[in-house]
Structures are given as structure tokens and as C-alpha cells.
Participant: 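My questions all concern the structure below.
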Amino acid sequence: MPELPEVEVLVRHLQPLLRRRTIRSVTVFRPKMTRPNSIAQLKRALLGCSFTDLQRRGKYLVFSLRQGRSPKPIQLLGHLGMTGRFYLRKQHLPMPRHTAVVLGLGALDLIFEDTRVFGRLSLDLTALERLGPKPLSPGFNPAVFAVALHKSAQSVKVKLLDQTVVAGIGNIYASEALFLARIAPTLPARDLNLKQIQALTSAIRRVLRLAIRRGSTIPLDWEGTGPRDGLFYYGRPDQTRTAGEERLRVYDRAGRPCPRCRTSIHRITQASRSTYFCPNCQPQILC
DNA sequence: CACCATGTTCCTTG
DNA sequence: CCAAGGAACATGGT
């Protein structure tokens, strides 16, 4: 689920469904995921509140609520970690195996499920302060990006995962953006020239926008009863597609042909995480 | 058993 | 103080 496009699609899906609904119960199965808040703190803050809005910031979900007619807003921060999912479901059904938190909304429950327990749902919003510019806003541009990249000896791929540089890119779309920009992932961030920074800026925007658009066209199965559980990295599960229609051009495609030149895609490890690239289209040495 | 997995934070080292 | 690297978190798939 959890890079910017997946969170964006989830937020667009949930926002109109949550609006004006009131929280009537709060049940926490994984107390670690509400840290630094206790279960009691969450209940005290949320019981009786109604949702007024849901927004995305980077990979975070920002739920806005209001207690009765009180103008004082309450905000709740969600993060999906690696395997988290939010979805609405009829109440009184048996809880799924990895249910972390359930907000009872009357006829429906908002279920927060997370197998690996890396996700978060709390009243602590401070994580948002550390986020860099929004990649799809004018605040993210080659000049701003260049400043962030300029002083770092770290590889450009690792820099793309740094949420203070730009907020929302994860391991999959980092490889995808570098492929589109034809930049080698191992290039030290400070060595990118202006042209490359411009190319990467637009590649990031293009990759994220495209993923949102494609994700929005897929009939999502947020309750997780289907074959893909509402994930959309790998295309529509039900429909056959040709190689040229693959959503991801390089990620998880080691040994398969580059969609541009047919060279075999390579996989390397950077900062303990996999990177995929085409050694021909993304050469280490400038020509 | 081994290794891998869409993420963030904390701790250590230099 | 900062940058960079690695472990930790917890579980499941191959």
C-alpha cells in the first residue's frame, strides 16, 4: 500500500465516506501502534467526535474531527507502515487476524489492519513537521530540490527515500523515477547536474501522478477479500495485460528486459534496500 | 533454515 | 552539531 499514490487513492476513497460520521467506540488491539498515546488518551479524545475531513501529507493520513459543535478541531495521524490498511466494514463481523484499531461508527466500523505492526494511529502530529516539500506542488521544483541534493555525498536513490528532501516517495517509486529520468541510482546526490535535477523533478511528478491515476481506475477491494487486497502496484489482477502495459518498469523486475532497450534489469542493494535499474539507460558514467 | 518485503526511528560512529 | 550506516520494530511469503 504505502507510498504517496496508494495513500492518495485511499484518502480520496475514504474521505467522503467518513465525513460527518461519529466515533462511538474505540478498540485498540495493538497498543504499540497508538504511541505515544495510551488507549485511554485515544478514547478520551475521540469518543463522540465526528469526522470533518481527511487529507494526505506525504505518506501520512491526517484525519480531522470535531467534538460536537465545538469549533476546536482534533487531528489524528495515521501511517500505513509497510502493510497497513484502512477500510470501512459492517459492524459486528469477526475481527480480521491483524486488526490493530477499530473505530466504531454506528452501522460501520473503520478498521485499521496491519500485519507487520509498523503503522501508526495517534494524536501526535509532530512527524509532519519533518516532512519536506510536496512533490506534486510548486514548492517542489528544481531549485529547491538542488539545494537538498547539493551537499550530500549519499546516492541519489537513498536521498529520494529521505522524507525531509521530498515527502512521499518510497522504495518502489524511487527506482521508477530514476529510470524515467535516466539517472543511475548510485550517482552521489551532489554530482547531479542541473539538467538531471530538472529531469528527475519531472520524472518524480510523472511517476506519482500516473500511479494515482491508474490506482484510481482500479476497483479497490479494501476489505481484502480479493486476490490483491486493494493493492495496485502490480496491475489489475483480473485482467490480462501485455508486457508493455506493466505498471512498474523496473521495480522487482531483475533479469527481465528493460522496456526501453531490452537490456536485463539489475538489482543492487543500497542502504539495505533493493534498487532496480537499467544499466544501459541509466549509465554510471556520463557520456 | 535462509532471505526477502511498499517504512520510520533510534542508536552508534566518525 | 551533523551525516551516514545499521539495527530494530513484527510477521509472513518463498
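Reckoned from all heavy atoms, side chains included, excluding hydrogens, waters and symmetry mates. Below, chains carry the letters A, B, ... as their sequence lines are ordered, and counting in each starts from 1.
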Participant: Could you state the atom-to-atom distance from CG of A:Asn171 to P of B:dT6 in whole Å?
Facilitator: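 The distance from CG of A:Asn171 to P of B:dT6 comes to 5 Å, rounded to the nearest Å.
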Participant: What are the bounds, 5' to 3', of the part of DNA chain C that sits under 4.0 Å from heavy atoms of chain A?
Facilitator: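 In short, chain A contacts DNA chain C from C:dA3 to C:dG12.
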Participant: Treating A:Gln163 as the side-chain partner and A:Ile169 as the backbone partner, does any N or O pair qualify as donor plus acceptor under 3.5 Å?
Facilitator: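 Side chain of A:Gln163 to backbone of A:Ile169, a donor-acceptor pair under 3.5 Å: yes, one is there.
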Participant: Would you indicate whether the side-chain heavy atoms of A:Thr201 and A:Arg205 approach each other to under 4.5 Å?
Facilitator: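 Yes; the side chains approach each other to less than 4.5 Å.
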Participant: With side-chain hydrogen bond (donor to acceptor under 3.5 Å, both in side chains) as the criterion, how do A:Gln55 and A:Ser64 come out once you've worked through the C-alpha distance, each side chain's angles and the decisive distance to 0.1 Å?
Facilitator: CA-CA 8 Å; A:Gln55 297 284 314; A:Ser64 297; over 6 Å; no
Participant: Which part of the nucleic acid, if any, lies within contact of A:Ala153, taking any heavy atom under 4.0 Å across all strands shown: a base, the sugar-phosphate backbone alone, or nothing?
Facilitator: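 It contacts sugar-phosphate atoms only.
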Participant: Does a sphere of radius 6.0 Å around CZ in A:Arg35 hold more than 12 heavy atoms from other residues, nucleotides or ligands, not counting ones at 6.0 Å or beyond?
Facilitator: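 No, not enclosed.
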Participant: How many angstroms lie between atom CZ of A:Arg206 and atom CG of A:Leu180, to the nearest 0.5 angstrom?
Facilitator: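 It is 5.0 Å, given to the nearest 0.5 Å.
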Participant: How far does the C1' atom of B:dT6 sit from the matching atom of C:dA4, given to the nearest Å?
Facilitator: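 Straight-line distance between the two C1' atoms is 23 Å.
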Participant: Considering only NZ, NE, NH1 and NH2 on the basic side and carboxylate oxygens on the acidic side, decide whether A:Asp114 and A:Arg85 come within less than 4.0 Å.
Facilitator: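 Here A:Asp114 does not pair with A:Arg85 in a salt bridge, since their nearest N and O are not under 4.0 Å apart.
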Participant: How do A:Ser272 and A:Lys151 order along DNA chain C: which one's closest nucleotide is nearer the 5' end?
Facilitator: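 Residue closer to the 5' terminus by nearest nucleotide: A:Lys151.
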Participant: Between B:dG7 atom P and A:Ile172 atom CD1, what is the distance in whole Å?
Facilitator: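 The distance from CD1 of A:Ile172 to P of B:dG7 comes to 7 Å, rounded to the nearest Å.
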Participant: Name the pairing partner of B:dT13, where a pair is Watson-Crick or G-U wobble with both distances under 3.5 Å, or state none.
Facilitator: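 Result: C:dA3.
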Participant: If I pick the C1' atom on B:dT8 and the same atom on C:dC1, what distance separates them, to the nearest angstrom?
Facilitator: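 To the nearest whole Å, 22 Å.
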Participant: Would you mind reading off the distance between A:Arg85 atom CZ and B:dA5 atom C1', rounded to a whole angstrom?
Facilitator: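 These atoms are roughly 16 Å apart.
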Participant: Give the C-alpha distance, both sets of side-chain angles, the deciding distance and a yes or no for side-chain hydrogen bond (donor to acceptor under 3.5 Å, both in side chains) between A:Asn37 and A:Lys43.
Facilitator: CA-CA 10 Å; A:Asn37 301 131; A:Lys43 285 189 177 174; over 6 Å; no
Participant: Do A:Arg267 and A:Thr275 have side-chain heavy atoms sitting under 4.5 Å apart?
Facilitator: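 Side-chain contact under 4.5 Å: no.
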Participant: Which letter, B, S or -, goes with each nucleotide of nucleotides 8-14 of chain B from 5' to 3', with contact meaning a protein heavy atom under 4.0 Å?
Facilitator: SS-----
Participant: May I ask you to evaluate whether A:Thr83 reaches the phosphate of B:dA5, defined as a side-chain N or O under 4.0 Å from OP1 or OP2?
Facilitator: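 Looking at the OP1 and OP2 atoms of B:dA5, neither is under 4.0 Å from any side-chain N or O of A:Thr83.
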Participant: With respect to A:Leu76, which candidate in A:Leu61, A:Leu42, A:Val62 satisfies the side-chain contact (heavy atoms from CB on, under 4.5 Å) definition?
Facilitator: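 Per the side-chain contact (heavy atoms from CB on, under 4.5 Å) rule, the option paired with A:Leu76 is A:Leu42, out of A:Leu61, A:Leu42, A:Val62.
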Participant: May I have the distance from A:Asp252 (atom CG) to B:dC4 (atom C1'), rounded to whole angstrom?
Facilitator: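 Distance check: A:Asp252 CG to B:dC4 C1' gives 10 Å.
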Participant: When you measure from the side-chain N and O atoms of A:Tyr251 to the phosphate of B:dT6, is any distance below 4.0 Å, counting only OP1 and OP2?
Facilitator: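 Answer is yes, contact under 4.0 Å.
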Participant: Could you check which nucleotide pairs with C:dA10 in any of the strands shown, counting Watson-Crick or G-U wobble with both distances under 3.5 Å?
Facilitator: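 Pair assignment: C:dA10 / none.
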Participant: Give the rounded distance in Å between these two atoms: CZ of A:Arg116 and P of B:dG7.
Facilitator: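 Result: 10 Å.
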